[in-house]
Amino acid sequence: MVNETLSHPFLLQAGDLNVDDISLIFEKARFYLQKFEKDTKKLEDLKGVTVALAFFEPSTRTRLSFELAAKRLSADVFTFSSSTSSLTKGESLLDTLKTIEAMGVHMFVIRHSCSGVPNFLQQNTTGIVINAGDGKHEHPTQALLDAFTLHRYFGDIKGLNVCIVGDILHSRVARSNIVLLNTLGANLGLFSPGTLLPPKIESWNTRIFNDINDAIKWSNVVIVLRLQNERMESGLIPSVREFSKYFGVTYEIYSKKPELVLLHPGPVNYGIELEYTVSNYPNVLIQTQVTHGVYIRMALLSLLAKNLS
Ligand code: CP
């Protein structure tokens, strides 16, 4: 029998996954993708499992794809939304999480604006916690679906040159991608205003570019990120227009190397980090990333649920 056990019974950060874990998740995601591309409507892999989607921050892709993933595997799913909860009446975060747990929840998918909340919850529950994005810290399932997209496109990630472009300082996607793609043997580059690079960047095992043309020339893949205004302190960039002019990916830049693969975790702010015309290129895989997100999350839920039996 194939060993389908991940090395940790939770997913809090990309560093929780080794190469074997990632291969197992990819294999399972490919299995579900092939099954559902044919005609399967529903499987029973999570029958009897209750999944809580605890979102304390807005989300479209992550929340809906986790919901669809859990439902396709026959889990019982419910969504918690902070703005309509008793948090507004003064209930604490821990009491809120304990209340949800008391309803018989087995798995928590959690998004929060504070870094470390998923780790805090894992320390206070016997359930399985999946980090769906915590503050500026990590977004490991986004990194998994990004890597799965590259794996399906290129066949192998080892040796690929991947440059992350944009607001890296505030990006949990950048942090998770750097860790996960490093684990898989990719070379990482960063192109960003100096004020939007994290401190101690030299310890990240990445190459820093100062010119977009050099970055594009070096890259097989660019991952473009939006400006995270909701996390941004003032004064980090002179203006959005100036950021767009020097750090945005335009048709003029992209058309010089149309074989370049472009990813964006979404939501995209067209006209700022990415010119809309670029989105029509066949190597711009933004919608493929969204599709893969469902299968990666099905794979992850089903593999982690093996710790329940
Ligand atoms: N990529 C991502 O996390 O998108 P959402 O905020 O829409 O979930």
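One is the number of the first residue; the rest follow in order along the sequence. First listed ligand is number 1; within each ligand, the first listed atom is number 1. As a basis for the values below, the full set of heavy atoms in this structure was taken, side chains included, without hydrogen atoms, waters or symmetry mates.
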Could you tell me whether Y251 atom OH has more than 12 heavy atoms of other residues or ligands within 6.0 Å of it? no

Check ligand 1 against Q142 and write out every atom of the ligand that is under 4.0 Å from a heavy-atom position of the residue. 1 (N), 2 (C)

Polar-atom distance check: P267 versus ligand 1, any N or O pair below 3.5 Å? no

Sub-4.5 Å side-chain heavy-atom contact between S92 and D95: yes

Show which atoms of ligand 1 fall inside a sub-4.0 Å distance from at least one heavy-atom site of T60. 5 (P), 7 (O), 8 (O)

D167 side chain to Q228 main-chain N or O, any donor-acceptor pair under 3.5 Å? yes

Can the ring centres of F80 and F55 be said to be less than 6.0 Å apart? no

Would you mind running through ligand 1 and noting each atom that sits below 4.0 Å from a heavy atom of T62? 2 (C), 3 (O), 4 (O), 5 (P), 8 (O)

What part of H264, side chain from CB on, backbone N/CA/C/O, both or neither, has a heavy atom under 4.0 Å from ligand 1? neither

So, does R111 sit close enough to ligand 1 that a heavy atom of it is under 4.0 Å from the ligand? yes

Check for me whether G266 has a heavy atom closer than 4.0 Å to any atom of ligand 1. yes

Looking at K89, is its backbone amide N or carbonyl O close enough to the side chain of S86 to form a donor-acceptor pair, meaning the two atoms are under 3.5 Å apart? no

